[in-house]
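Down below is the structure, laid out as structure tokens.
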Amino acid sequence: MVLALDLQDFLLRARVLKLYRQALRISRRAPGDAKDELRQTIRQEMENNKACKDKQRIRFLISDGMERLKRLDETLDMQGR
């Protein structure tokens with residue numbers, strides 16, 4: 001089954017995938033014991049919101065995800081990772 005996406009849907013999907021990839025890249029810098037848990041949390045967050053169709057909610061989730069990712073990145077930087 002092929003889904004036809006309009007341009008706005010396509011761009012939102014691209015932003016979500018970019019956020020997911022960035023989160024996984026940053027999770028590589030986490031300490032060994034926390035790395036697996038962090039990746040599981042990232043995946044679970046994506047799975048929990050997979051069925052969301054509300055474009056405004058998706059934009060909010062992307063914005064929230066970017067903020068959380070920024071804080072995680074800063075925390076790992078402070079730890080020297």
Side-chain angles (χ1 to χ4, degrees):
M1 182 171 134
V2 177
L3 297 175
L5 299 176
D6 65 6
L7 180 60
Q8 191 175 21
D9 290 340
F10 179 79
L11 294 174
L12 279 176
R13 183 177 186 276
R15 289 178 63 199
V16 169
L17 292 174
K18 180 180 177 182
L19 175 63
Y20 183 64
R21 286 191 301 267
Q22 286 176 329
L24 290 178
R25 282 188 199 110
I26 289 176
S27 73
R28 290 185 209 149
R29 295 175 30 217
D33 55 337
K35 192 179 300 190
D36 291 334
E37 184 178 345
L38 182 57
R39 285 185 180 166
Q40 184 67 23
T41 301
I42 293 167
R43 182 177 177 91
Q44 190 63 44
E45 286 287 330
M46 290 293 190
E47 288 289 330
N48 289 345
N49 295 297
K50 183 178 180 179
C52 182
K53 301 294 182 200
D54 181 11
K55 292 177 185 177
Q56 186 173 359
R57 173 103 174 117
I58 294 170
R59 284 188 204 97
F60 169 77
L61 291 168
I62 291 170
S63 175
D64 184 53
M66 294 297 284
E67 285 297 318
R68 292 168 68 182
L69 198 56
K70 182 179 174 184
R71 286 193 308 268
L72 175 62
D73 191 34
E74 291 169 354
T75 301
L76 291 172
D77 282 345
M78 285 191 290
Q79 293 178 350
R81 300 211 170 254

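Along the sequence shown, residues are numbered consecutively beginning with 1. We use all heavy atoms of the structure for the numbers below, so side chains are in, but hydrogens, waters and symmetry mates are not.
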Worksheet entry | Straight-line distance of Leu24 CG to Arg43 CZ, nearest 0.5 Å |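 Leu24 atom CG to Arg43 atom CZ measures 9.5 Å (nearest 0.5 Å).
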Item to complete: Quick one: pull up CG in Leu38 and CG in Asp33 and give me the separation to the nearest 0.5 Å.
Response: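 Output value for this atom pair is 11.0 Å.
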Fill in: Pairing residues for Asn48 by the side chain to side chain donor-acceptor pair (under 3.5 Å) criterion, not counting sequence neighbours
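Here the qualifying residues are Gln44.
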Fill in: Qualifying residues under side chain to side chain donor-acceptor pair (under 3.5 Å), relative to Asp36, sequence neighbours excluded
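Expected list: none.
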Fill in: Pairs flagged by salt bridge (charged side-chain N to carboxylate O under 4.0 Å, His left out) wherever residues 15-28 is involved - sequence neighbours left out
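Pairs touching residues 15-28 that pass the test: none.
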For residues 57-72, tabulate all N or O donor-acceptor pairs below 3.5 Å that involve a side-chain atom, not counting sequence neighbours.
none

Item to complete: Answer yes or no: are there more than 12 heavy-atom neighbours, outside Gln56 itself, under 6.0 Å from its atom CD?
Response: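 No.
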Worksheet entry | All side chain to side chain contact (heavy atoms under 4.5 Å, CB included) counterparts of Asp77, not counting sequence neighbours |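 Side chain to side chain contact (heavy atoms under 4.5 Å, CB included) check on Asp77 returns Arg29, Asp73.
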Discussion item. Going by salt bridge (Lys or Arg N to Asp or Glu O under 4.0 Å), name the residues that satisfy it together with Asp54, two or more places apart in sequence or in a different chain.
Written reply: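 Partners of Asp54 under the salt bridge (Lys or Arg N to Asp or Glu O under 4.0 Å) test: none.
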Worksheet item: Is any side-chain heavy atom of Gln8 less than 4.5 Å from a side-chain heavy atom of Leu11?
Response: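 Answer no - side chains too far apart.
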Worksheet item: If every non-hydrogen atom of Ala23 is compared with every non-hydrogen atom of Ile42, which pair is closest and at what distance?
Response: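 Of all heavy-atom pairs spanning Ala23 and Ile42, the closest is O-CD1, 3.6 Å.
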